[in-house]
**Q** 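Here it is: the structure, laid out below.
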Amino acid sequence: MRRIKSNIDTHSVQFHTYERHNLTLIDKLCVSQQKARFERPERDIRRLRKQKKLLVRERIDLLLDPETPFMELSTLAANMAYDGTVPSAGVVSGIGIVNGREILVMASDSSIKGGAWYPLTVKKMVRTLDIAIENHLPMIHLVDAAGAFLPLQSGLFPDRHMAGRMFRNQCVLSAMGVQQVALVLGHSTAGGAYVPTLCDYSIMVRHTGGVFLGGPPLVKAATGEEVTADELGGADVHTTVSGTADYAVDSEQEGLALVREIVGTFPRKTKIALEKRESEEPYYDPKELYGIIPDDVKKQFDIRDVIARIVDGSRFHEFKPAYGTTAVCGFAFLYGWKVGIIGNNGVLFSNSAQKCTQFMQICNRDRIPIIFLQNISGFMIGKAYEHGGITKDGAKMLMVQANLDVPKLTIMTNGSFGAGNYAMCGRAYDARFLYSWPNSQISVMGMEQAIKTLTQIRLKSLQRQGKTLSNDEKEKITQNIADDYMEKSSAYYSTSELWDDGIIDPANTRKVLGISLSAALNREFSETPNGVLRI
Amino acid sequence: MKDIKKVLIPNRGEIACRILRSLERMDITSVIVYHAVDADTPAVLMADEKVEIQGVTPVSAYLDVEQIINACKKTGADAVHPGFGFLAENADFARRIEQEGIIFIGPRPEVIEMMGNKVAARTFCIENNFPLAPSVTLTAQDADFIKSVKQIDLPLLIKAAAGGGGKGMQIVNEWKDLETAVQLAREEARRSFGNSEVYAEQYVEKSRHIEVQVMADHHGNIIHLGERECSIQRRFQKIIEESPAPALAPELRKAICDTAVEIPRKAEYRNAGTVEFILAPEGEFYFLEMNTRLQVEHPVTEMVTGVDLVQLQICVARGESLPLIQEQVQTTGHAIEMRLYAEDPENDFSPATGQLLAYQLPSGEKVRVENGFTEGMVVSSAFDPMLAKLIVHDVDRKAALEQGIKALKDTLILGVTTNTDYLVRILSHPSFLAGKVDTDFIPQYAEDLKSPTLNKEELNMLLAATALSSSEFVDPAFKVPEPHCFLGNWRN
Amino acid sequence: MQRQIDLLGKSYTVTITGEHGAQQFQVDDDKPCPAVLIDKKDGHHRVHMGGKQKDIQMAVKGETAYIHAFGRTFTLDIVDPVEQASQKTGKGSNSAMAPMPGMVVDIHVTAGDKVVRGQDMITIESMKILTVITAPRDGKVATVNFEPGKTFDKNDVLVTLIEKEDA
């Protein structure tokens with residue numbers, strides 16, 4: 001297969017400018033992640049040590065195989081919520097390897113408010129279990145949570161995809177034949193008590209682990225009964241009297257070793273039988289992406305230059321290259337697996353939408369997973385295009401994309417605005433994994449236009465109220481609206497709200513997609529009929 | 001004169017093999033009794049006939065007098081060779097055997113009884129003016145006993161009267177420990193020998209253990225076959241023996257050997273026996289005890305004298321006169337025996353168990369091997385953990401030592417921890433080379449004899465070999481999938 | 001994969017990663033290096049490591065390797081991770097284990113007895129030595145696991161105490 005000829009001049013002024021800009025963003029990302037992962041108030045660490053507890057990432061390190069990667073999802077969840085006091089939304093989730101098996105681990109971080117569940121915590125946990133269901137990944141739950149964060153209970157309890165959905169997902173996962181193991185290293189109260197109990201294997205650590213529908217204070221308040229946590233629902237009670245748990249261990253280390261032993265007995269999943277070649281590192285250096293990605297979302301770049309820094313050997317077979325040039329479609333290999341790639345080089349026209357549609361059909365029929373590299377500001381608008389059927393063509397693309405049986409992976413490389421987000425497999429379209437680059441932006445409408453419109457509305461409303469504003473005040477209003485809009489369309493906001501599965505360093509895109517694809521291939525492709533295409 | 005056509009051996013392991021070899025040479029039919037756990041051992045397979053015996057524990061089977069006598073009757077055995085251990089020094093057993101009209105290849109029961117009771121043996125020596133270490137023997141109340149004991153100088157040993165072979169001894173270094181030591185010794189004596197009689201004896205520090213092999217016929221003839229040096233001991237048990245004793249003045253040797261003949265002569269001894277002495281650093285020697293049987297280390301004497309002691313025992317038991325007079329007993333060269341034990345010298349010599357995954361013993365002109373095991377057998381804690389004896393013989397002590405070290409280095413035993421490397425370190429120790437041995441050797445040189453530390457390279461090779469051959473490390477079932485295996489411990 | 005290996009009373013953390021034939025060996029936190037083991041049949045093996053090679057003789061039973069090399073014999077034990085983790089927490093304080101193989105001579109306690117730390121529980125014999133096994137802590141006897149006359153191996157649990165209540 002031919003290699004992409006990427007003609008990037010790494011010595012040009014533009015390259016250096018972009019590079020400087022992006023390295024700052026990467027720096028910010030690293031610092032933010034480091035903070036979210038490791039900065040905790042001294043007294044919380046002390047409290048954990050006194051309770052003889054390990055920190056959540058220490059637990060994960062002991063759990064996973066030596067010299068294997070751990071891909072953490074949504075590290076920066078809740079970074080712009082709750083005044084930033086709940087880093088990673090209080091729970092760590094990611095894909096790792098235990099005794100050679102790919103697993104998904106979900107671990108409460110009890111160094112943050114005792115591991116209490118905030119609305120975004122619950123959202124992250126539900127999302128993690130959704131990933132487990134969609135990809136048939138065995139789950140390991142490291143349970144150590146104080147319970148729901150009461151002041152925000154309305155945001156985490158009643159609705160369809162809130163806390164209840166977690167347990168429902170666990171039940172569905174079980175029925176699908178996917179194993180779940182729980183290690184209870186702290187308290188698992190109220191609804192949370194179902195987490196280990198719904199697992200196939202439940203291990204409890206003596207004297208720190210506790211499983212009960214109501215804890216001692218609640219029990220005392222409800223019936224007056226006085227009982228200690230251990231007497232109520234400790235490891236020995238549940239493993240010898242009630243049968244609610246299966247193993248009692250004396251330390252976290254023993255519990256983690258036992259989890260490893262159990263996972264080691266799971267039958268190795270037979271992956272989808274996809275042909276696999278020898279892997280080959282990209283010909284071009286992925287770090288060059290820092291000089292390729294522009295410092296402004298309006299500036300264009302060639303998506304092929306990105307593809308060249310992700311796929312095996314930078315080899316890419318472009319499909320229908322002369323037609324619909326604002327979309328790039330083609331085949332490549334990622335760690336030996338054949339994948340289809342769809343990327344944007346401008347807005348979508350009828351012809352580019354048609355090309356994508358045709359391409360996706362081929363991929364679907366030939367069982368080729370698809371990677372979407374989003375940089376889309378929308379479909380072309382205007383009379384000629386409407387008359388030409390642009391809406392219809394966009395709808396066809398959407399119809400095929402939404403009904404694809406092959407796994408889809410999406411990267412937000414730059415802009416993701418409006419309907420373009422949908423067609424290019426945005427969050428609502430069940431990409432198995434969706435990641436954002438730190439420079440990316442996402443909103444219903446292009447920023448400038450949106451800010452202009454919003455400002456107009458605001459000013460008109462103030463005028464009607466009889467207020468007169470100076471130019472300065474008008475500017476201030478514009479600025480506020482702009483700032484707010486910017487904030488809410490940033491990658492950081494997106495990841496905070498769990499609209500993506502994490503912000504990634506562009507240079508790591510290959511590794512991230514590789515691990516994600518490997519995870520996705522644990523589940524047999526569905527076979528759904530195609531929808532009706534408005535031709 | 002009685003003929004012996006069929007000998008029954010109520011024993012096992014290497015000594016049973018040893019006796020069977022001589023019986024075969026003499027064209028005498030052999031019968032062995034065995035417990036089920038020994039069914040596939042070399043001795044059982046070698047014997048002409050075999051009879052299974054039962055026991056709650058394997059050891060108890062070999063101690064079951066009735067079963068053994070029944071086996072004799074059933075097979076028509078006309079003699080019993082008890083070997084050593086088990087019933088070899090059980091006077092009642094010897095009596096019963098003789099009552100049944102079967103020949104007991106060994107001394108008369110009365111002598112076994114007397115020598116078996118250390119107090120009686122000492123009394124015998126006192127009465128006959130044989131040299132003895134200061135001691136007190138009393139069976140009366142502890143209070144009187146303790147008063148009398150205080151007449152002996154410290155340090156001293158409290159020993160069981162019915163004991164032997166190093167069992168049931170307590171060392172007393174300070175008077176304040178005396179009462180407890182006596183109590184413990186009595187308890188242990190009662191438990192092990194059914195008799196709580198104890199005696200106290202002065203503990204000679206840095207003494208040498210010298211013993212003499214004697215042989216007597218039923219016609220009053222008695223000779224000695226030289227001495228053996230048995231000072232290298234751990235837990236009062238010998239692990240290296242040699243003959244002749246190094247650095248022993250000829251006059252002293254003569255005095256010890258002559259005394260060793262006089263004692264059994266006075267007791268009207270018959271058949272083989274060993275008289276054990278303590279040789280004090282200053283040159284006095286004291287009677288320790290007499291073992292009225294063949295000893296583990298008898299091959300050492302056989303190698304330097306060229307005499308087959310087992311054969312001689314049987315001839316004597318038949319009523320023949322000794323074929324040698326004392327002047328005809330010649331020793332040539334030097335012999336050393338090394339006992340291979342399944343034990344861990346690094347861990348207080350605690351016994352080791354396991355399966356003999358590899359078991360290759362040396363061979364050669366100058367090496368004699370007495371062995372009761374084969375590759376694949378399991379070494380359990382049911383019996384004494386001695387695996388085999390290597391006996392080397394050469395022109396002089398230096399040459400014999402070299403042979404000994406070579407034989408040990410040619411030994412390959414895998415699957416059970418053994419003292420093989422430890423024995424090499426003893427034989428290589430400058431003090432041993434110089435013949436400076438005494439019963440304190442092992443504790444004194446404990447640091448020198450410790451396993452040398454490994455250098456990093458050696459250590460890593462061992463760890464790597466272990467890991468790479470174990471499915472715990474390299475089981476394909478735990479293979480890391482792609483692409484994870486390319487990424488090392490990457491974190492995003 | 002990573003396991004603890006015990007040799008001559010010391011423990012080492014050994015990690016092996018990589019494909020067969022191209023494996024990396026690491027001890028504790030040392031730098032990993034390539035290592036290859038070639039089986040030459042009949043127990044003979046050749047170890048290649050860091051440019052050097054060594055011929056050894058090795059027999060393996062279960063998780064124990066017996067190696068004859070450098071003129072000596074060594075015993076290496078691979079520790080199961082769950083066992084290793086439970087050992088570290090001193091779980092053993094509920095068990096009185098045999099320090100070496102031997103036979104039970106006399107038993108001084110029965111199930112249900114209260115014991116104090118150091119109290120005589122069981123007398124064993126090993127290599128002509130009588131040893132008394134004592135209680136590792138104050139507590140109550142749960143079970144006596146052997147009877148007089150029975151033999152046992154090193155580390156067998158002779159007496160089990162009732163699980164200690166949380167202080």
Side-chain angles (χ1 to χ4, degrees), chain A residues 29-30 33-34 37 57 60-61 64-75 94-102 260 263-269 271 276-281 312 334-337 435 501-505 507-519 521-522, chain B residues 342-348 350-358 376-381 414-418 450-492:
Chain A
L29 176 63
C30 285
Q33 288 197 155
Q34 191 69 12
R37 286 174 180 165
R57 286 192 176 75
I60 293 176
D61 278 337
L64 303 177
D65 283 358
E67 288 304 299
T68 55
F70 175 56
M71 195 170 80
E72 194 176 331
L73 304 168
S74 300
T75 307
I95 299 173
I97 304 287
V98 173
N99 268 335
R101 277 122 185 86
E102 268 172 301
R260 285 183 55 83
V263 173
T265 63
F266 293 168
R268 195 186 277 280
K269 279 237 172 308
K271 286 208 189 299
K276 205 156 179 295
R277 294 189 179 185
E278 282 286 319
S279 174
E280 196 190 341
E281 284 301 293
D312 287 359
L334 182 68
Y335 287 108
W337 283 301
Y435 304 98
D501 295 314
I503 301 179
I504 62 167
D505 179 336
N508 285 337
T509 307
R510 172 180 167 76
K511 293 189 175 95
V512 170
L513 284 175
I515 293 179
S516 307
L517 180 59
S518 173
L521 295 177
N522 283 308
Chain B
E343 66 188 21
D344 188 357
E346 298 298 309
N347 214 341
D348 238 3
S350 62
T353 52
Q355 187 182 22
L356 295 169
L357 302 172
M377 276 175 71
V378 171
V379 178
S380 75
S381 51
L414 297 177
V416 183
T417 312
T418 67
K450 269 210 178 96
S451 184
T453 41
L454 288 161
N455 66 42
K456 200 111 185 49
E457 194 182 289
E458 293 170 330
L459 173 69
N460 285 353
M461 289 244 171
L462 294 174
L463 293 173
T466 305
L468 291 170
S469 62
S470 163
S471 66
E472 291 280 309
F473 282 90
V474 297
D475 195 335
F478 301 134
K479 198 165 114 111
V480 176
E482 295 181 6
H484 306 79
C485 55
F486 302 138
L487 301 177
N489 69 345
W490 178 68
R491 299 284 185 269
N492 65 322

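All values below were derived from every heavy atom in this structure, side-chain atoms included, with hydrogens, water molecules and symmetry-related copies excluded. A, B, ... follow the sequence lines: proteins, then strands. Residue 1 opens every chain. All values derive from a computational prediction rather than experimental measurement.
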**Q** Nearest 0.5 Å, what's the CD-NZ distance between B:Glu346 and B:Lys450?
**A** 8.0 Å

**Q** At under 4.5 Å between heavy atoms, what parts of residues 452-469 of chain B are in contact with chain A? List them by residue number.
**A**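 Those residues of residues 452-469 of chain B which would need a heavy atom under 4.5 Å from chain A do not exist here.
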
**Q** Please state whether the side chain, the backbone, both or neither of A:Thr68 comes within less than 4.5 Å of a heavy atom of chain B.
**A**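 Its backbone and side chain both get close to chain B.
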
**Q** Please look at A:Arg260 and chain B and tell me whether the side chain, the backbone, both or neither of the residue comes under 4.5 angstrom of a heavy atom of that chain.
**A** neither

**Q** Please output the residues of residues 473-492 of chain B in contact with chain A, using a heavy-atom cutoff of under 4.5 Å, in numerical order.
**A** B:Pro476, B:Ala477, B:Phe478, B:Lys479, B:Val480, B:Pro481, B:Glu482, B:Pro483, B:His484, B:Phe486, B:Leu487, B:Gly488, B:Asn489, B:Trp490, B:Arg491, B:Asn492

**Q** Looking at side-chain heavy atoms only, is the closest gap between A:Leu64 and A:Ile97 below 4.5 Å?
**A** no

**Q** Indicate yes or no for a side-chain donor-acceptor contact from B:Gln355 to the backbone of B:Gly376 under 3.5 Å, with no hydrogens or angles considered.
**A** yes

**Q** Could you tell me the separation between the OH atom of A:Tyr335 and the CD atom of A:Glu278, rounded to the nearest 0.5 Å?
**A**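 Rounded to the nearest 0.5 Å, the OH-CD separation comes to 14.0 Å.
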
**Q** Just jot down the side-chain hydrogen bond (donor to acceptor under 3.5 Å, both in side chains) partners of B:Glu343, sequence neighbours excluded, or say none.
**A**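 Listed in chain order: B:Arg234.
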
**Q** If you look at every heavy atom in B:Thr418 and B:Pro345, which pair is closest and at what distance?
**A**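 Looking at all heavy atoms of both residues, the closest pair is O-CD, 4.0 Å.
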
**Q** Kindly compute the distance separating CD (A:Glu72) from CD (A:Gln33), expressed to the nearest 0.5 Å.
**A** 7.5 Å

**Q** Looking at residues at least two apart in the chain, or sitting in another chain, which of them share a side-chain hydrogen bond (donor to acceptor under 3.5 Å, both in side chains) with B:Ser470?
**A** none

**Q** Give, as side chain, backbone, both or neither, the part of A:Asp505 having an atom under 4.5 angstrom from any heavy atom of chain B.
**A**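 Nothing of A:Asp505, per the 4.5 Å heavy-atom cut-off to chain B.
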
**Q** Taking it one step at a time, do A:Tyr435 and A:Ser516 satisfy side chain to side chain donor-acceptor pair (under 3.5 Å)?
**A** CA-CA 10 Å; A:Tyr435 304 98; A:Ser516 307; 2.8 Å; yes

**Q** Does any backbone or side-chain atom of A:Ile515 lie under 4.5 Å from a heavy atom of chain B? Answer side chain, backbone, both or neither.
**A** both

**Q** Evaluate the side-chain proximity of A:Trp337 to A:Lys271: yes if any heavy-atom separation is below 4.5 Å, no if none is.
**A**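 SC-SC contact between A:Lys271 and A:Trp337 confirmed.
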
**Q** Any donor-acceptor pair under 3.5 Å linking the side chain of A:Asp312 with the backbone of A:Gly336?
**A**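 Yes.
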
